[in-house]
Amino acid sequence: MEITGRCQLECVHCYANSGPHGSHGTMAYSDWAAAIDQAAKLGTSMVQFIGGEPTLHPALPSLITHALDRGVEVEVHSNLVHVADPLWDLFALSGVRLATSYYTDDPDQHQRITGRHTLERTRAKIARAVARGIPIRVGIIDLGDDQRVQQAHADLTSLGVTRIEHDRMRVLGRPARGQCDASELCGNCGDGIAAILPDGTVTPCPLARWLTAGNLRTTQLSSLIGEVRRIASTVIAPALAETRPCQPNCTPGCDPSMTAPGGGDGCVPKARCEPNKPAKDPCAPEFKCRPKGK
Ligand code: SF4
């Protein structure tokens, strides 16, 4: 549940295009609570609150307790820049866990990625979560170049974090500059997962936000799940099947089997490749770079 598009940061890799000027959208508290009720009836075991920065939404505390009351576990995916004291007591409840992203142990490099000098603040909150015994999952996102990924991992280990995951930047949202490419997704979309965006749009994943199944404000979640699965199997899976793995030294998001307009090596970000669709329709799932030699 992407409950807001607002965030203190403005990360260069943000698939949601979130930032200080984002809004909480059109979903009211009652809409989110009803969504939790519907998800619980469908057998959902966990709801993740994400954004934007979910701790900026005034209804987050109520939504956490609402989910727990329905027997649904909670993950709060936060940038951990600022966490008000009352939230820590909620985070410490049984059934609640935290997740965050991390990039580097270098404050200046962190600032270049997130737009603000917030590394020490996030680092301190991670340490506080560990000290309080709050389960925390940290994803290190590799944007390429000289990013201090290994040092970030060592830093997290020194803080006592035991669940550390690695991923590359997905060229979707802000880094894709408006283009949408289903082959950038991980492939788990729609597989027991559905995302609800701040305006009620339901998609197979928050990253697949242009592949819409419908809107929760007008249609019950149970009626949208079939469309979520159809999108996953007929749009996302075929797009991923076409993609060949990048070489280890490729720029994140590139595909060596493709080539940029005007020639050049195929190892370039897909967002810069020539789409097969006119620019006026930049989010068509058929978007892809030209195969080499064509
Ligand atoms: S902290 Fe997360 S939501 Fe906020 S701008 Fe960065 S990636 Fe986007």
Side-chain angles (χ1 to χ4, degrees), residues 1-25 27 32 47-60 63 74-84 87 91 97-126 128-129 136-145 147-149 152 156 161 164-180 184-186 195-199 201 203 205-210 252-253 269 271:
M1 295 186 173
E2 190 179 295
I3 59 174
T4 182
R6 188 172 302 165
C7 186
Q8 310 98 322
L9 307 182
E10 209 161 3
C11 303
V12 295
H13 62 85
C14 184
Y15 62 80
N17 234 330
S18 296
H21 303 297
S23 81
H24 295 328
M27 287 279 281
W32 288 117
V47 60
Q48 181 195 62
F49 295 115
I50 193 169
E53 172 50 36
T55 62
L56 295 178
H57 196 296
L60 179 65
L63 289 172
V74 168
E75 179 176 272
V76 179
H77 196 299
S78 166
N79 58 33
L80 297 179
V81 169
H82 174 76
V83 178
L87 273 176
F91 293 167
R97 57 185 189 252
L98 282 174
T100 193
S101 298
Y102 212 65
Y103 311 97
T104 175
D105 65 339
D106 178 67
D108 292 333
Q109 196 169 58
H110 176 94
Q111 187 273 333
R112 287 195 291 278
I113 293 170
T114 67
R116 287 186 62 190
H117 268 292
T118 50
L119 174 61
E120 283 311 314
R121 293 169 72 171
T122 294
R123 193 175 184 277
K125 307 298 185 307
I126 292 172
R128 183 169 176 178
I136 183 164
R137 175 175 69 87
V138 183
I140 297 177
I141 303 174
D142 188 349
L143 283 74
D145 298 329
Q147 190 177 323
R148 293 171 60 85
V149 167
L156 290 168
V161 179
I164 304 172
E165 300 164 351
H166 288 258
D167 195 12
R168 64 170 174 84
M169 174 177 72
R170 306 278 166 172
V171 186
L172 295 165
R174 187 168 286 143
R177 299 186 191 95
Q179 293 195 37
C180 307
E184 278 297 294
L185 300 166
C186 77
I196 307 170
L197 307 186
D199 66 352
T201 296
T203 75
C205 168
L207 282 82
R209 56 205 308 110
W210 74 98

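Note: hydrogens, waters and symmetry copies are ignored here, and every other heavy atom, side chains too, is used. Note that ligands are numbered from 1 as they come in the structure, with each ligand's atoms numbered from 1 the same way. Residue numbers start at 1 and run along the sequence shown.
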Give me the residue, atom name and distance of the protein heavy atom closest to atom 1 (S) of ligand 1.
Cys7 SG, 3.6 Å
With a heavy-atom distance limit of 4.0 Å, tell me whether Gln8 approaches ligand 1 through its side chain, its backbone, both, or neither.
neither
Using a heavy-atom cut-off of under 4.0 Å, does the side chain or the backbone of Cys11 touch ligand 1, or both, or neither?
both
List every atom of ligand 1 that sits less than 4.0 Å from any heavy atom of [X], numbering the atoms from 1 in the order shown and giving each element.
X     : value
Asn79 : 1 (S)
Leu9  : 1 (S), 5 (S)
His13 : 7 (S)

Could you tell me whether the side chains of Thr104 and Asp106 share a donor-acceptor contact shorter than 3.5 Å?
no
Between Ser78 and Glu53, is there a side-chain donor-acceptor contact under 3.5 Å, judged purely by atom types and distance?
yes
Can you tell me if Cys14 has an N, O or S atom under 2.8 Å away from atom 6 (Fe) of ligand 1?
no
Output, in order, the C-alpha distance, side-chain angles, deciding distance and verdict of side-chain contact (heavy atoms from CB on, under 4.5 Å) for Ile140 and Asp142.
CA-CA 6 Å; Ile140 297 177; Asp142 188 349; 5.7 Å; no
Below 4.0 angstrom, counting only protein heavy atoms, does anything approach atom 7 (S) of ligand 1?
yes
Interatomic distance, CG@Leu60 vs CG@Leu87, rounded to 0.5 Å, equals 5.5 Å
Would you check, one step at a time, whether the test side-chain contact (heavy atoms from CB on, under 4.5 Å) holds for Arg168 with Glu184?
CA-CA 10 Å; Arg168 64 170 174 84; Glu184 278 297 294; 2.9 Å; yes
Going through the distances and angles, do Val81 and Thr122 end up as a side-chain contact (heavy atoms from CB on, under 4.5 Å)?
CA-CA 5 Å; Val81 169; Thr122 294; 4.1 Å; yes
Of His110, Gln111, Arg123, the residue whose pairing with Thr118 passes side chain to side chain donor-acceptor pair (under 3.5 Å):
His110
Strictly under 4.0 Å, does any heavy atom of Gly52 approach an atom of ligand 1?
yes
